[in-house]
Amino acid sequence: MSEQSVDRTTFDDVMVPTYAPGDVIPVRGEGARFWDQEGKEYIDLAGGIAVTALGHSHPGVMAALQEQAAKIWHVSNIMTNEPALKLGQYLCENTFAEKVFFANSGAEANEAAFKLARRYSWDHYGEGRHEIIAFEGSFHGRTLFTVAVGGQPKYLDGFRPGPEGIRHARFNDLDSVKEQLSDSTCAIVVEPVQGEGGVRPADPDFLKGLRELCDEHGVLLVFDEVQCGVGRTSELYAYQYYGVTPDILTTAKALGNGFPISAMLTRSEIAASLTTGTHGTTYGGNPLACAVAKRVLELVNTGQILDGVAERHVMLRDWLIGMKERYGFFSDVRGLGLLMGAEMAEPWSEQTKTFVSEALRAGVMVLVAGGTVLRFAPPLNIPLADLEEALYKLEDAWSALA
Ligand SMILES: *Cc1c(COP(=O)(O)O)cnc(C)c1O
């Protein structure tokens, strides 16, 4: 059979309609740039939603994948494998973790975290102490448990009944957490920087307050760093940026720079509750994924990259503030490191999609978050000249919308 050509209309022919992708189909990427089927060039300020932290086709990451691809791809968890053990060692040496569990997506890492929190509580306090407190505006994935924990009840519509025992408090509001906290609470889960909800960084005092509350009540503190981890804040993990250490941390997205992998990190005493047979996944700790992730972490966890994030943050933030002042587009500019958001002001708050499509027309890819926020998550190593060129092109395109 000859190979058929595909385009955007093929999507509607063969794909479940759960996504509504744009017309552009990227076929090749290099660094902070990619090219579509027509050969048009784009500068990537989206990074595949904070995933390709080292850019496309990074030579070091490609080499790690190719070296491992020539050795062994899969053995299952009936045996362990060297790349998984080395990645585990790396994470334990460079974070608070004493134990790790590998999975394949952010949702799966969170699923493991929530199950562990319940199991730990069951082990140590018995039945009925199973409630999880999460936050309005949060996002933890699309499995039934993670959707229920996430802050958007509408994602459960038509899928009920979902898991029970989940309460929601207001983000950055410690009093609202105290109202939800009870003898039934086993865990509090929070994104140090809410990503999908609109790029909202936690107040440092809020995270410190959560830590204190959890310590007082013997409740586990879970940080979902699926989006804000792996160098995004200018520290390897956001908890290091804030100086507040969780009991369980989940990481995914940028961990594989586009190769699917996630991890749940915790301490030995807590990990002990996931005894043999209590949880698992076929692909978790896959040698290819782990070889890639270890190389990604080694490449990101350097002064050059992390200091570079801080430098690029200033450039992006100053430009966003300038756009706010020059055109009045934004009512708020916020974010940490290279996870930045610009809240659209009136009368543009319903026009985020227009801003994104005009950006694409000008050859720059940006994202939307929480409906009314433009989100920027460029590669952590985006060349300064590429960032400058992208911002110039965006201003040129958007100034026409003023
Ligand atoms: C993207 C995201 C998830 C879900 O990750 P998947 O890999 O899509 O399952 C969970 N939490 C946060 C904070 C995210 O940004």
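When a ligand or atom number is given, it counts from 1 through the structure's own listing order.
Residue, atom and distance of the protein heavy atom nearest to atom 11 (N) of ligand 1 are Asp224 OD2, 2.8 Å. The nearest protein atom to atom 6 (P) of ligand 1, hydrogens excluded, is given as Gly106 N, 3.4 Å; this is a heavy-atom distance. Looking only at heavy atoms of the protein, atom 2 (C) of ligand 1 is closest to Lys253 NZ, 2.5 Å.
No side-chain donor from either of Asp247 and Tyr120 sits under 3.5 Å from a side-chain acceptor of the other. Lys99 and Ser268 form a side-chain donor-acceptor contact under 3.5 Å, judged by distance and modelled atom types alone. Using modelled atom types, one finds a donor on one side chain and an acceptor on the other under 3.5 Å when comparing Ser121 with Arg129.
The proximity of Asn110 to ligand 1, defined as any non-hydrogen pair under 4.0 Å, is limited to the side chain. Counting heavy atoms under 4.0 Å from ligand 1, residue Ala252 does not touch it at all.
Note: an N/O pair closer than 3.5 Å links Phe139 and ligand 1 by distance alone. For ligand 1, the polar-atom distance check against Glu108 finds no nitrogen or oxygen pair separated by under 3.5 Å. At under 3.5 Å, not a single nitrogen or oxygen of Gly141, backbone or side chain, sits near a nitrogen or oxygen of ligand 1. Note: no N/O pair closer than 3.5 Å links Glu191 and ligand 1 by distance alone.
Close placement of the Tyr42 and Phe34 rings is indicated, their centers lying within 6.0 Å of each other. Ring centers of Tyr242 and Tyr237: at least 6.0 Å apart, outside the cut-off.
There is no protein heavy atom closer than 4.0 angstrom to atom 8 (O) of ligand 1.
Remark: the backbone N or O of Ser399 is not paired with any side-chain donor or acceptor of Glu395 at under 3.5 angstrom.
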